[in-house]
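Below is one structure, written out as structure tokens, with a few remarks after it.
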Amino acid sequence: MDKNSSMEKQISEHQQYKLLNSSELADLFANFLGDSLFTCMFKHFLQVVEDDEIREYVEFANKLSKKHVSEITNIFKMEKIPVPVGFGQQDVRKDTPRLFSDMFMVFILLKWPAQL
């Protein structure tokens with residue numbers, strides 16, 4: 001058994017009957033809302049970005065934000081907690097004119113909370 005699976009087994013045994021506490025729920029909720037917001041922003045960025053190298057970073061960040069939203073959704077479902085309504089399709093207007101320069105997109109990616 002490798003180190004990761006051994007650790008996962010220990011965590012699973014320890015957490016078997018424990019529910020999430022309020023600070024854990026608050027952190028999950030904040031991350032869910034943040035990543036759903038970033039997914040919308042990155043969708044706009046991908047529509048208007050001009051630099052191919054920056055496009056790659058935005059695509060990576062978008063994929064990671066979507067993964068975070070999906071995993072947090074699964075945690076809420078496993079814990080039998082209602083999944084929050086985050087930002088989504090209804091919050092993105094297609095064919096919106098370019099709002100940000102490519103350099104501003106890079107700045108946002110540098111400040112983005114997820115680890116690149």
Side-chain angles (χ1 to χ4, degrees):
M1 187 180 300
D2 68 349
K3 185 178 178 180
N4 285 339
S5 62
S6 173
M7 185 180 300
E8 287 176 9
K9 184 177 181 227
Q10 288 177 351
I11 291 171
S12 137
E13 288 172 0
H14 178 71
Q15 295 290 344
Q16 189 173 9
Y17 301 107
K18 293 188 176 203
L19 300 174
L20 294 172
N21 63 39
S22 60
S23 64
E24 292 167 334
L25 283 172
D27 188 56
L28 286 171
F29 179 76
N31 280 291
F32 181 89
L33 287 181
D35 276 314
S36 67
L37 171 67
F38 279 116
T39 300
C40 292
M41 286 177 56
F42 296 150
K43 185 173 184 166
H44 170 70
F45 288 177
L46 288 170
Q47 290 174 351
V48 298
V49 68
E50 294 171 351
D51 186 288
D52 289 335
E53 189 174 351
I54 294 172
R55 176 179 299 280
E56 288 179 29
Y57 286 114
V58 174
E59 286 171 347
F60 174 77
N62 188 40
K63 182 178 176 183
L64 194 54
S65 279
K66 285 181 179 181
K67 181 180 176 187
H68 289 168
V69 168
S70 175
E71 289 184 10
I72 294 171
T73 298
N74 290 337
I75 292 170
F76 278 123
K77 287 179 180 178
M78 284 181 0
E79 295 288 325
K80 296 179 177 55
I81 298 168
V83 178
V85 176
F87 296 91
Q89 290 295 115
Q90 71 277 7
D91 300 307
V92 179
R93 293 189 179 162
K94 294 182 179 179
D95 303 323
T96 302
R98 183 181 173 91
L99 300 173
F100 309 107
S101 70
D102 284 2
M103 286 310 296
F104 182 77
M105 293 177 204
V106 170
F107 176 77
I108 291 294
L109 287 170
L110 291 173
K111 297 296 181 179
W112 181 50
Q115 295 294 322
L116 290 177

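In what follows, residues are counted from 1 in the order of the sequence shown.
Without hydrogens or angle criteria, Ser36 side chain to Leu33 main chain gives a donor-acceptor distance under 3.5 Å.
Atom CD of residue Glu56 and atom CG of residue Asp51 lie 9.0 Å apart, to the nearest 0.5 angstrom. In this structure, Phe32 CZ and Ser70 OG are separated by 10.0 Å, a value rounded to the nearest 0.5 Å. The line from NE2 of His44 to CG of Asn62 is 13.0 Å long, rounded to the nearest 0.5 Å.
Among residues two or more places apart in sequence or in another chain, the ring-ring contact (aromatic ring centres under 6.0 Å, His included) test is passed with Phe104 by Phe100. With sequence neighbours excluded, the residues satisfying ring-ring contact (aromatic ring centres under 6.0 Å, His included) with Phe42 are Phe38, Trp112. Annotation: side-chain contact (heavy atoms from CB on, under 4.5 Å) contacts of Lys77 (sequence neighbours excluded): Thr73, Val83. With sequence neighbours left out, the side-chain contact (heavy atoms from CB on, under 4.5 Å) criterion links Val106 to Ile54, Leu110. Under the side chain to side chain donor-acceptor pair (under 3.5 Å) criterion, Arg98 pairs with Asp102, sequence neighbours left out. Legend: residues meeting side-chain contact (heavy atoms from CB on, under 4.5 Å) with Asn21, ordered by chain and number and at least two apart, are Ser23, Glu24. Leu25 pairs by the side-chain contact (heavy atoms from CB on, under 4.5 Å) definition with Leu20, Phe76, Ile81, not counting sequence neighbours.
At a threshold of 4.5 Å between side-chain heavy atoms, the hydrophobic network of Ile, Leu, Val, Met, Phe, Trp and Tyr places Leu64 and Phe45 in one connected group. Under a hydrophobic-cluster definition in which Ile, Leu, Val, Met, Phe, Trp and Tyr are linked whenever side-chain heavy atoms come within less than 4.5 Å, directly or via other members, Val58 and Leu99 are assigned to the same cluster. The cluster map of Ile, Leu, Val, Met, Phe, Trp and Tyr, joined by side-chain heavy atoms under 4.5 Å apart, puts Phe60 and Phe107 in the same cluster.
Across all non-hydrogen atoms, the minimal contact from Asn31 to Asp27 is ND2-O, 2.8 Å.
You'll find the side chain of Val48 reaches within 4.5 Å of the side chain of Met105, heavy atoms only.
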Side-chain donor-acceptor pairs under 3.5 Å in residues 85-96, sequence neighbours left out?
from  : atom 1 : to    : atom 2 : distance (Å)
Gln89 : OE1    : Lys43 : NZ     : 2.9
Asp91 : OD2    : Gly88 : N      : 3.0
Thr96 : OG1    : Arg93 : O      : 2.5

